[in-house]
Amino acid sequence: MIINEKTQFVSELNQEVKTVVLQNRKHTQVTITNYGGIIMSIKTPDRRGNFAEIALGFDDVEDYLTSDYKNNCPYLGATVGRYANRIAQGKFTLDGEEYTLNCNNGPNSLHGGPGGFHQKVWEMTTFKEPKRTGVVLSLTSDDMEEGFPGKLNVKLTYTLTFDNELVIDYEATTDKTTVVNLTNHSYFNLSNMQSDVLKHKMVLYADKFTPKDENDIPTGEIVAVNDSPLDFLMPRQIGDRIGDVDGKGYDHNFVINGFEGDLNLGARIIDESTGRSLEFYTTEPGFQVYTGNYLDGQFERGGVAFNENYGVCFEAQKFPDSPNKEHFPSAALKPGETYRQTTVYKFGLAD
Ligand code: BGC
């Protein structure tokens, strides 16, 4: 069901922006705006039927447009592109041409650069089918926007199913060879927003990860997680060994097990205090696990400050800096080809 559709004029953009609230028979509610393709809210019942927010975000679109938010952007719930994660020095070579991107993260380009897809106004339409409802968002990114070659047409479908899944299907085509890596940057917190996520239990279906340097750029190695703080092959609390990680908490690319381009289970989290669980599936070869290490309480909703580790993101992706690493999965997209990516977040209660 679509239980609410709203259009509002946003003065900062001098444009109208839409928001849509989807709901399924399990009473899950998902709010999506065409500004940045952002998931503003996801509400699900806990084991006592207590219906509460499980994603970090704001109730008003205007809150994503303040200068404080844009200057210290945590990408809450955003659609990230044209290249999610980092490209070293904002440079890469494709078909013998060197391209230079707009940089926004020390020496690197992060999440598509300062003018990435997370702050574009997308076209949006809704659809209703007997067992699913959703929205279709589309966007054209110009040739050389943020430094990326090729005019890219992007289509993004959010579907809320009867089976309590939020399915995100991405498609993109280009008129010149380019690189594409699209993702969703939702931060999940299953605790009725009562605490950070350090006590959530997590399993990662990833035997390997890609180590990184001091600028968060992969060294190129692909290493087994065994017995390291990145070993979540068996369920354990996120906070268990977070202090042993180099840097500030988890912000690492994991290599999903069994990658063949179809949907694979990447991660599962459970919050024992509420009984909620979340599963993350993707068709991508990798996913970033990011534990909200740079959240510092600057942003809040309903009196709940988004402090450090207040959410965990599972960002489906090619590997970071793939355009500069021959042996990493290729992010190149040629004219005539279609980029496709599906991510599923499945909401539930632990047994
Ligand atoms: C990155 C972090 C970054 C964050 C921004 C994550 O995807 O991996 O390093 O700080 O996005 O919110």
Side-chain angles (χ1 to χ4, degrees), residues 36-40 55-58 63-64 66 68-90 101-119 146 168 170 181-189 196-197 204 206 209-219 230 238 242 245-256 266-267 280 282 284-300 305-322 328 331 341 343 345:
I38 294 172
I39 301 174
M40 298 169 67
L56 306 191
F58 303 126
D63 290 343
Y64 296 91
T66 62
D68 279 355
Y69 187 80
K70 289 205 229 160
N71 292 338
N72 187 12
C73 186
Y75 301 86
L76 303 177
T79 297
V80 178
R82 179 177 309 197
Y83 198 94
N85 215 306
R86 292 172 176 80
I87 297 182
Q89 309 292 324
L101 305 172
N102 294 342
C103 288
N104 54 344
N105 177 251
N108 308 318
S109 162
L110 175 67
H111 293 336
F117 295 178
H118 63 287
Q119 43 170 281
E146 296 296 311
I168 315 177
Y170 303 82
N181 189 33
L182 306 179
T183 202
N184 179 269
H185 208 288
S186 288
Y187 293 71
F188 296 100
N189 181 324
D196 61 34
V197 296
L204 300 179
F209 77 109
T210 53
K212 53 184 190 167
D213 68 14
E214 64 285 359
N215 288 322
D216 285 322
I217 297 298
T219 58
L230 285 88
I238 292 179
I242 199 167
V245 179
D246 285 341
K248 243 179 156 287
Y250 294 101
D251 190 2
H252 293 80
N253 173 55
F254 288 82
V255 180
I256 204 162
F280 156 79
T282 179
E284 292 302 276
F287 61 96
Q288 191 84 3
V289 175
Y290 172 57
T291 47
N293 311 324
Y294 301 107
L295 296 174
D296 59 4
Q298 189 187 359
F299 306 114
E300 57 105 39
F306 304 152
N307 289 311
E308 192 173 334
N309 305 133
Y310 228 75
V312 56
C313 306
F314 301 105
E315 304 159 53
Q317 61 186 358
K318 310 284 188 216
F319 300 172
D321 203 32
S322 276
F328 279 4
Q341 204 262 91
T343 292
Y345 301 124

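Excluded from the calculations below are hydrogen atoms, water molecules and symmetry mates; all remaining heavy atoms, backbone and side chain alike, are included. All ligand and atom numbering here is 1-based and tracks the order in the structure.
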Peer 1: Answer with side chain, backbone, both or neither: which part of Tyr187 has a heavy atom less than 4.0 angstrom from an atom of ligand 1?
Peer 2: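 It is the side chain that gets close, since no backbone atom is under 4.0 Å.
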Peer 1: Under a 4.0 angstrom heavy-atom cut-off, which atoms of ligand 1 come close to Tyr294?
Peer 2: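 In order of number, 10 (O).
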Peer 1: Only heavy atoms of Tyr75, strictly under 4.0 Å: list the atoms of ligand 1 that pass.
Peer 2: 5 (C), 12 (O)
Peer 1: Check each atom of ligand 1 against the heavy atoms of Pro74 and keep those under 4.0 Å away; list them by number with element.
Peer 2: 12 (O)
Peer 1: Classify the side-chain pair Tyr294/Asp251 by whether it contains a donor and acceptor separated by less than 3.5 Å.
Peer 2: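 No, because no side-chain N or O of Tyr294 sits under 3.5 Å from a partner of the opposite role on Asp251.
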Peer 1: Just by distance, with hydrogens left out, do Thr66 and Asp68 show a side-chain donor and acceptor under 3.5 Å apart?
Peer 2: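 Note: Thr66 and Asp68 side chains miss the donor-acceptor criterion.
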Peer 1: Which ligand 1 atoms, with their elements, are less than 4.0 angstrom from a heavy-atom of Asp251?
Peer 2: 1 (C), 2 (C), 8 (O), 9 (O)
Peer 1: Report the member of Arg86, Gln288, Glu315, Gln317 with the shortest heavy-atom distance to atom 7 (O) of ligand 1.
Peer 2: Glu315
Peer 1: Have Gln288 and Gln317 got a donor and an acceptor in their side chains that come within less than 3.5 Å?
Peer 2: yes
Peer 1: Calculate, to the nearest 0.5 Å, the distance between atoms CZ and CD1 belonging to Arg82 and Ile87 respectively.
Peer 2: 10.5 Å
Peer 1: Report the residue from Tyr187, Tyr310, Phe306, Tyr69 that forms a ring-ring contact (aromatic ring centres under 6.0 Å, His included) with Phe299.
Peer 2: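 Among the candidates, only Tyr69 passes.
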Peer 1: Identify the closest protein heavy atom to atom 6 (C) of ligand 1: which residue and atom is it, and at what distance?
Peer 2: His185 NE2, 3.3 Å
Peer 1: What do the steps show when you test Asn184 against Thr343 for side-chain contact (heavy atoms from CB on, under 4.5 Å), and what is the final call?
Peer 2: CA-CA 8 Å; Asn184 179 269; Thr343 292; 5.8 Å; no
